[in-house]
Amino acid sequence: MDINLKILRYDPESDRKGHWENYIVDAEPEERILDLLHKIKWFEDGSLSFRRSCAHGVCGSDAMVINGENMLACQVLVKEVGNPIKIEPIRGLPVVKDLIVDMEPFFDSYKKVMPYLINEKEPGDRERLQSPEDRDKFEDTTKCILCAACTTSCPVFWTAETYVGPAAIVNAHRFVFDSRDEGTKQRLEILKDVNGAFRCRTAFNCTSACPRGIQVTKAIEDIKRETLLNS
Amino acid sequence: MQTTRTDWGRRQPPVGGTSFELQAWFFMRVSGLALVFLAVWHMFIMHVFNDTLNLDYDFVAARWETSYWRAFDWLLLTLSLLHGTNGLRVVIHDNLPDKTIRKLAHSVLYGTSLIFFIIGTYAIVAFVRQV
Amino acid sequence: MKVIKHSFDGVIVGAGGAGLRAAIEAAPHMKLAVITKLYPTRSHTGAAQGGMSAALANVEEDNWNWHAFDTVKGSDYLADQPAVDILCKEAIDAVIELEHWGLPFSRLDNGKIAQRRFGGHTVKEGESPAFRACYAADRTGHMILQTLYQKCVSMGVTFFDEFQVLDIKIEDGICQGVIAYELATGDIHIFETRAVTFATGGFGKIFKVSSNAHSLTGDGPGILYQKGIPLEDMEFYQFHPTGIYRLGILLSEAARGEGGILRNKDGERFMERYAPSIKDLAPRDMVSRAIATEISEGNGAGPDSDYVYLDLTHLGAETIKKKLPDITDFVRTYVKIEPIEEPIPVQPTAHYAMGGIPTDVHSRVLSDEKGTVLPGVYAAGEAACVSVHGANRLGTNSLLDIVVFGKRAGQSMVDYVTQTKPNNISDSASDDLSKKIQNLIDKEHTDEFSVANIRKDLQESMEENAKIFRTKETLEKQTEILEELRERYENVTIFDKSKVHNSELVEAIELDYLLDMSEATVASALARNESRGAHSRQDFPDRDDTNFMKHSFAFKKDNTANLKYKDVELGKYEPMERKY
Amino acid sequence: MAYQRIVSTGSVYKGKTGMWLYIFHRVTGVGLFGYLLLHIISTALILLGPEIYEGAEAIYKNFYFRVAEIGLMAAVLGHAINGLRIIAVDLWSKGSDYQKQLNFASLFIFLIIFVPTTYKMTTSYFDLCLEKSSEGTSLVDCMIRPIPDWK
Ligand SMILES: Cc1cc2nc3c(=O)[nH]c(=O)nc-3n(C[C@H](O)[C@H](O)[C@H](O)COP(=O)(O)OP(=O)(O)OC[C@H]3O[C@@H](n4cnc5c(N)ncnc54)[C@H](O)[C@@H]3O)c2cc1C
Ligand code: HEM
Ligand code: SF4
Ligand code: F3S
Ligand code: FES
């Protein structure tokens, strides 16, 4: 089956603006979009650049806009997106080359919410106990692979580049609702900022974009309510 | 952390601080709820139960005979101005990345809102029937 | 080419589980840099699913000696027993430590860390399957990677993300530093440092069907191999029984640990014939061979009779949702079937390198079969061979390996750095590399010598000739093929001549390592005239303890390997026949 | 190095309902604020006496403004009901689980109120127009020119 791929290319060494390029690739309906990108890169145009590693949706390297929506290229099959296929880099982060964007601002935001367990108490020489119910409270947000699909699908983030973004809030949620953690106050303090959780306008794009099926908006709402109740 | 890339667009992630954003957010919900009664009721009175075609000096004057309606209208004025101003504050913040321009736009917004609040309040308070 | 120089006390190459664990140990005591070609959270440790073993005895009576027994038996007695003892004993603290750092393990009703069964793990030295694998649903590796990275963030560890190390400088047998290539700019960075740990992960990409990430190309072992450091036990490459048909995406052994069953085309639970006592939970090498045998005997399912079924349908929706959410999602996404209702087509997939850079139990790299330590160079994780996995790794022991020996690598770096003085690397240290890169850029591109074509031929031929069953003939044939591929590689060309994110250039260099890994694997396999663990020679079907109770050390010599051997360190457990 | 901020793609992100509702809420919010300012001015003119006030009000008394008023009604109702939906998502812990249902409910409530309102506002306009106009004025006349000799 011949698939027509339209890819938004940008080479910083020669282009001033992005431009669309067309490729025709022979593909099976069961193939991943990533496989098609590889076919182009390996056998047609070696300069096409994109990130990838695991090829099965667990490393978070290859979020991109496929037919107008954020997806992981390794997680969608040709038959699910139809023909032609339009591919662009994720939005709101500076494009470095082709489908590669600068992830530094994204990770900076992530680091700002103190994404690590805070607990000064001596834990003893066995594990801390935690009931399965307490463990379930943050199960959803532990799944995050930091792919940025959510943050770069958020209309607020596109215009307000200072917004910390859903991914960072998800990772704050993972600790705020962990019964072993004691850093809730500090994290909520950070998320009270103009660029924090209250920037979210419940557009839900993040939730539909998340390849891990995390209920991102729900997590953000949990954080908003927790902040409200905490002050 | 190592930062080796260019400084382009280095964002300012949140640093925390005041509860203003939380309060503003909460105020939007509360004032929104109040406005459902005030604004929607106002719209119904003016457009459905009456018709704006019939709106005239006498109609308004009669309404403002009672302090109930003056209070109603003043509350509507105040809350919708506050609600709208805060809404626009966020819209401006979202869309104007440049700090100086944003500051300017915010000042214009707050100034305008204040002037209109004064005009509106003055009208409601100072109105006396002339004929 | 722009060259930038940095100076550090220690450098860790790789930010998977092993690299991050080493960083946590070393960072407080020195000026440390972690260099990684992927963002740390994208390392393949994050793909690990099933669990991490430790005799916590949370579910039933357990003890680390039994764990050690299972590991040694699973290794087909090739593992060094003192190292295994360290692994299994330190496992308990390693798990507890991860929990203290925030790892969200699944929990038992009493609040303790949950444990599940896994292949080859038994209580009382073989009595019955043991609940030993600590897990967090079926994303244990993801949680380990995240937790270790979070810990590093909290400590303010310095990372060089998307920097690829391509060379190490060793002068007079002493490490001077490493050279890295910055993917985003094409700049060369010289890292002056006394202590380097390689934690670059595996090299499953030498095969066509693999559970490994595209980035697992054996860079660490490759870099050292080219400097004359040997590679240990390269003939032992593990094939995981249950990869998704054709794609090779892994379906964790946890699926069988939770009660999943393998069936052939007639629906027969064929493992009953191959391992009557623990059946589907036999070690991976045995199960993979059983599947391969079923398929070659015509019992495979499908139009080409080339797969078997993994049947989870009797587990019930609740167990599947709670305990195996991710892998069943993979099945839904990639095979488009509902695993709650239908059995899943699977086939063995290239999975794990038991072999790698030889190290001692302090993660110090050894430069020969006699145990000579190469000062300042360390290795841990899948890139290294301690050896605790011997001829066949037990499931869950690798996540353990990366934290236990990752930590030891960190400690060894600290010891070394506190005892030595800063060195001086010359500004011309990167000249060879610059030249190599310039050559690749200057050469005109031709399809015949394209990276992808050579790599494709490599992966397909390795799949054909050096996978689960090997013979002298297939291995000799593969040796010839590898020689041809090596000749082609000498002329390799690339299309992309740019500086920014030139991933084709990087793939060209990685292909060199893949060829090295294949050459060492095939040469070691050809020389080992016995079957042991994952290495299965059809022309020598039996284990031969008299001649081959020893580790192979492959030294690079032209385009093949020169082999030397070192005796296995035995301990409490006498080699016996491996039966389950 | 030249980083491109956002490559202009000319293509629209295929967001789900939530994104369009966000845009709708913003547009109506800003629109309503603008109208509010206008409304404050025209109402405050009442201080200047009946002539000026009614002179200003007369501008509104034609069909185009009636359509605009219906638009205003739609904006207020839409913004209000969507606002209530947002409040539900924000403050009710199960709100985001029922996002789809809330979207449908909002639309449903909106239509239930908006359709009869529009009907009333339209018919009332024509009734009053015919009542105030001279014999023989048609509905089309009412639509294309201001209501004659109002008052
Ligand atoms: C699908 C799958 C499931 C698994 N499940 C289990 C399980 O349930 N239990 C278990 O015990 N084991 C499991 N394993 C095995 C185990 O996960 C791996 O062996 C282990 O995670 C390897 O960790 P590592 O730190 O050595 O390497 P990786 O996690 O692979 O990390 C390698 C790192 O090195 C970096 N790197 C590589 N080359 C370079 C270079 N040239 N320059 C700079 N950086 C470089 C990479 O960026 C990366 O950060 C599984 C493996 C796979 C593939
Ligand atoms: C009638 C009842 C009303 C309700 C229930 C309501 C509710 C809300 C709510 C909840 C928000 C916050 C949206 C968010 O955070 O995502 C909001 C925003 C806003 N409202 Fe209202 N509102 C009402 C009336 C008005 C009126 C009369 C105006 C005009 C003055 C107005 C102008 C705005 C503006 C400008 C915003 C900002 C929009 C944005 O940030 O995208 N609202 N409204
Ligand atoms: S929340 Fe989901 S979409 Fe966002 S970064 Fe994490 S995994 Fe990606
Ligand atoms: S898309 Fe954006 S506005 Fe909120 S609900 Fe998601 S973060
Ligand atoms: S390649 Fe890892 S998520 Fe797609």
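Numbers restart at 1 for each chain; the letters A, B, ... are given by sequence-line order, proteins then strands. Everything numeric in this text was worked out from a predicted model, so none of it was measured.
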* Would the number of heavy atoms belonging to other residues, nucleotides or ligands and lying under 6.0 Å from CZ of D/F126 be above 12? -> yes

Open item on the list: Would you say CH2 of D/W20 has more than 12 non-hydrogen atoms from neighbouring residues, nucleotides or ligands within 6.0 angstrom?
Closed with: no

Closest heavy-atom pair, D/V89 versus A/R225, reported as atoms and distance to 0.1 Å, is O-NH1, 3.5 Å

Looking only at heavy atoms, the pair that brings A/K224 and D/D90 closest together is NZ-OD1, 3.5 Å

In short, side chain to side chain donor-acceptor pair (under 3.5 Å) pairs touching residues 63-83 of chain D with sequence neighbours left out are B/D51-D/R66, B/T52-D/R66, B/T52-D/E69, D/H25-D/H79, D/H25-D/N82, D/T28-D/H79, D/R66-D/E69, D/N82-D/R85

Residues 140-156 of chain A vs chain D, non-hydrogen distance cutoff under 4.5 Å, contacting residues -> A/S153, A/P155, A/V156

Taking a cut-off of under 4.5 angstrom between non-hydrogen atoms, the residues of residues 67-79 of chain A near chain D are A/N67, A/G68, A/E69, A/N70

Turns out that what part of A/I220 lies under 4.5 Å from chain D's heavy atoms comes down to neither

Interatomic distance, CG@A/D222 vs OG@D/S96, rounded to 0.5 Å, equals 6.5 Å

Output for pair (A/K218 NZ, D/S93 OG), nearest 0.5 Å, gives 6.5 Å

For residues 190-228 of chain A, the ring-ring contact (aromatic ring centres under 6.0 Å, His included) pairs (sequence neighbours left out) are A/F198-B/W25

So, the part of D/L91 with a heavy atom under 4.5 Å from chain A: the answer is both

